[in-house]
Amino acid sequence: MPEVYRRFKEFGPNAIFLDPDQYREIHLSDEQEDMFEQVMSEYGKFSAIKLMDMTHKEAPWKEAYAKADMLISTETMKKFFIKLVDE
């Protein structure tokens, strides 16, 4: 998500620390909350650098990097991650 990247890229490989005044509460559906918990359970143990290294080896990132706009489409992500879910 480009807006998320732009918002946090200044932190680079470092932890993201925000003043409490900068937090914005979001509301998730039960399904979204469950997905979030699953993702955090699986990937929350990795550092920012490790996550970057992992994603940069995956097809969606490689394909986007080869394009001028460097955007990863939702369809590309679905095709890639559905294979992981089915394994």
Side-chain angles (χ1 to χ4, degrees):
M1 299 187 70
E3 63 272 12
V4 174
Y5 173 77
R6 285 190 297 273
R7 172 67 179 93
F8 297 107
K9 73 178 181 176
E10 69 186 84
F11 294 95
N14 304 309
I16 297 172
F17 293 105
L18 299 175
D19 291 330
D21 295 341
Q22 294 178 302
Y23 288 101
R24 185 181 59 172
E25 186 174 336
I26 60 170
H27 299 280
L28 303 174
S29 69
D30 289 343
E31 183 179 0
Q32 291 169 324
E33 184 72 33
D34 182 54
M35 175 65 75
F36 177 80
E37 293 297 330
Q38 289 179 47
V39 170
M40 285 302 296
S41 175
E42 187 69 28
Y43 294 99
K45 58 189 168 217
F46 299 115
S47 70
I49 293 296
K50 176 65 175 171
L51 289 168
M52 181 187 73
D53 288 343
M54 291 165 63
T55 59
H56 288 194
K57 293 175 184 173
E58 296 172 342
W61 193 90
K62 288 180 177 181
E63 291 171 19
Y65 190 74
K67 298 186 304 186
D69 62 10
M70 290 194 56
L71 294 176
I72 301 174
S73 72
T74 302
E75 191 59 35
T76 299
M77 289 178 58
K78 281 182 184 178
K79 286 178 185 177
F80 178 78
F81 285 104
I82 198 71
K83 292 175 190 173
L84 298 180
V85 173
D86 288 343
E87 290 180 351

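None of these values were measured; they are calculated from a predicted model.
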Taking everything shown except [X] itself, do over 12 heavy atoms lie less than 6.0 Å from its [atom1]?
{"X": "N14", "atom1": "CG", "result": "yes"}
{"X": "E31", "atom1": "CD", "result": "no"}
{"X": "K67", "atom1": "NZ", "result": "yes"}

Please write out which residues are connected to M40 in a hydrophobic cluster, directly or through intermediates, given that two of Ile, Leu, Val, Met, Phe, Trp, Tyr count as joined at side-chain heavy-atom separations below 4.5 angstrom.
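Reading the cluster by chain and number, M40 sits alongside I26, L28, F36.
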
Starting from Y43 and following side-chain heavy-atom contacts under 4.5 Å between hydrophobic residues (I, L, V, M, F, W, Y), which residues can be reached?
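Hydrophobic cluster check, Y43: joined to M35, V39, F46, L51, M54.
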
Nearest heavy-atom neighbours spanning K62 and K57:
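Smallest heavy-atom distance, with atoms named: CE-O, 3.4 Å.
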
If every non-hydrogen atom of H27 is compared with every non-hydrogen atom of E25, which pair is closest and at what distance?
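That would be CE1-OE2, 3.2 Å.
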
Give the table of side-chain donor-acceptor pairs shorter than 3.5 Å for residues 71-80, with sequence neighbours excluded, one pair per line with atom names and distance.
residue	atom	partner	partner atom	Å
S73	OG	T76	N	3.0
S73	OG	T76	OG1	2.7

So, using side-chain hydrogen bond (donor to acceptor under 3.5 Å, both in side chains) as the criterion, who are the partners of Q38 when residues are at least two apart?
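Expected list: D34.
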
Got a sec, which residues hit side-chain hydrogen bond (donor to acceptor under 3.5 Å, both in side chains) with E58, two or more places apart in sequence or on another chain?
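Applying side-chain hydrogen bond (donor to acceptor under 3.5 Å, both in side chains) to E58 gives none.
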
What pairs with S47 under side chain to side chain contact (heavy atoms under 4.5 Å, CB included), at least two apart in sequence or on another chain?
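Per chain and number, S47 pairs via side chain to side chain contact (heavy atoms under 4.5 Å, CB included) with I49, K50.
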
If you look only at pairs with a residue in residues 49-72, which of them pass as a ring-ring contact (aromatic ring centres under 6.0 Å, His included), with sequence neighbours excluded?
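Every ring-ring contact (aromatic ring centres under 6.0 Å, His included) pair that includes a residue of residues 49-72, provided the two are not neighbours, is H56-W61, W61-Y65.
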
